[in-house]
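In what follows, residues are counted from 1 in the order of the sequence shown. Hydrogens, waters and symmetry mates are skipped; everything else that's a heavy atom, side chains included, is used.
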Amino acid sequence: MSEQEEDLIFRMYKLVGDRWALIAGRVPGRKAEEIERFWLMRHGELFASRRRELKGYNSYS
């Protein structure tokens with residue numbers, strides 16, 4: 001992904017969330033699956049750590 005594509009994907013994700021098909025419609029030549037895979041590889045660990053934190057928080061409540 002180019003820097004411009006990454007920036008667009010990040011901004012679109014902030015606006016529409018994980019609606020990959022909608023985001024892909026704004027990034028020429030990219031498919032929804034490709035963008036989702038890119039996002040998860042780049043940001044997947046962040047989401048996994050948040051899920052672990054929430055799971056740990058819920059088990060104490």
Side-chain angles (χ1 to χ4, degrees):
M1 298 272 174
S2 71
E3 189 174 324
Q4 292 82 13
E5 288 172 320
E6 289 183 33
D7 183 54
L8 179 57
I9 292 167
F10 181 77
R11 288 186 287 122
M12 288 293 297
Y13 185 86
K14 284 174 52 177
L15 288 172
V16 301
D18 62 356
R19 296 173 63 192
W20 306 117
L22 185 63
I23 296 171
R26 301 284 186 212
V27 184
R30 301 289 185 176
K31 295 180 182 174
E33 297 82 15
E34 190 177 4
I35 291 174
E36 181 180 10
R37 190 176 326 114
F38 162 78
W39 185 266
L40 292 174
M41 289 188 71
R42 180 64 62 97
H43 300 282
E45 182 56 38
L46 175 65
F47 292 121
S49 67
R50 285 186 184 167
R51 279 194 301 268
R52 284 192 296 269
E53 288 173 12
L54 289 174
K55 192 174 186 180
Y57 174 76
N58 291 335
S59 66
Y60 294 113
S61 16

Query raised in the report: Going through the distances and angles, do Leu8 and Arg11 end up as a side chain to side chain contact (heavy atoms under 4.5 Å, CB included)?
Result: CA-CA 5 Å; Leu8 179 57; Arg11 288 186 287 122; 4.0 Å; yes
Requested in this report: Walk me through it: do Arg30 and Met1 pass the test side chain to side chain contact (heavy atoms under 4.5 Å, CB included)?
Outcome: CA-CA 9 Å; Arg30 301 289 185 176; Met1 298 272 174; 3.8 Å; yes
Requested in this report: Establish, yes or no, whether a centroid distance under 6.0 Å links the rings of Trp20 and Tyr13.
Outcome: yes
Ignoring hydrogens, what is the shortest heavy-atom contact between [X] and [Y]? Give both atom names and the distance.
X	Y	value
Glu5	Ser2	OE1-N, 2.8 Å
Met12	Leu22	CE-O, 4.4 Å
Ala24	Ala32	CB-N, 3.5 Å

Query raised in the report: Do Ile9 and Met41 belong to the same hydrophobic cluster, where Ile, Leu, Val, Met, Phe, Trp and Tyr are linked whenever their side-chain heavy atoms lie under 4.5 Å apart, directly or via other members?
Result: no
Report task. Mind checking the CG-CD1 spacing from Asp18 to Ile35? Nearest 0.5 Å is all I need. Result -> 12.5 Å
**Report entry** Interatomic spacing from CZ in Arg37 to CZ in Arg42 - rounded to 0.5 Å
**Finding:** 14.5 Å
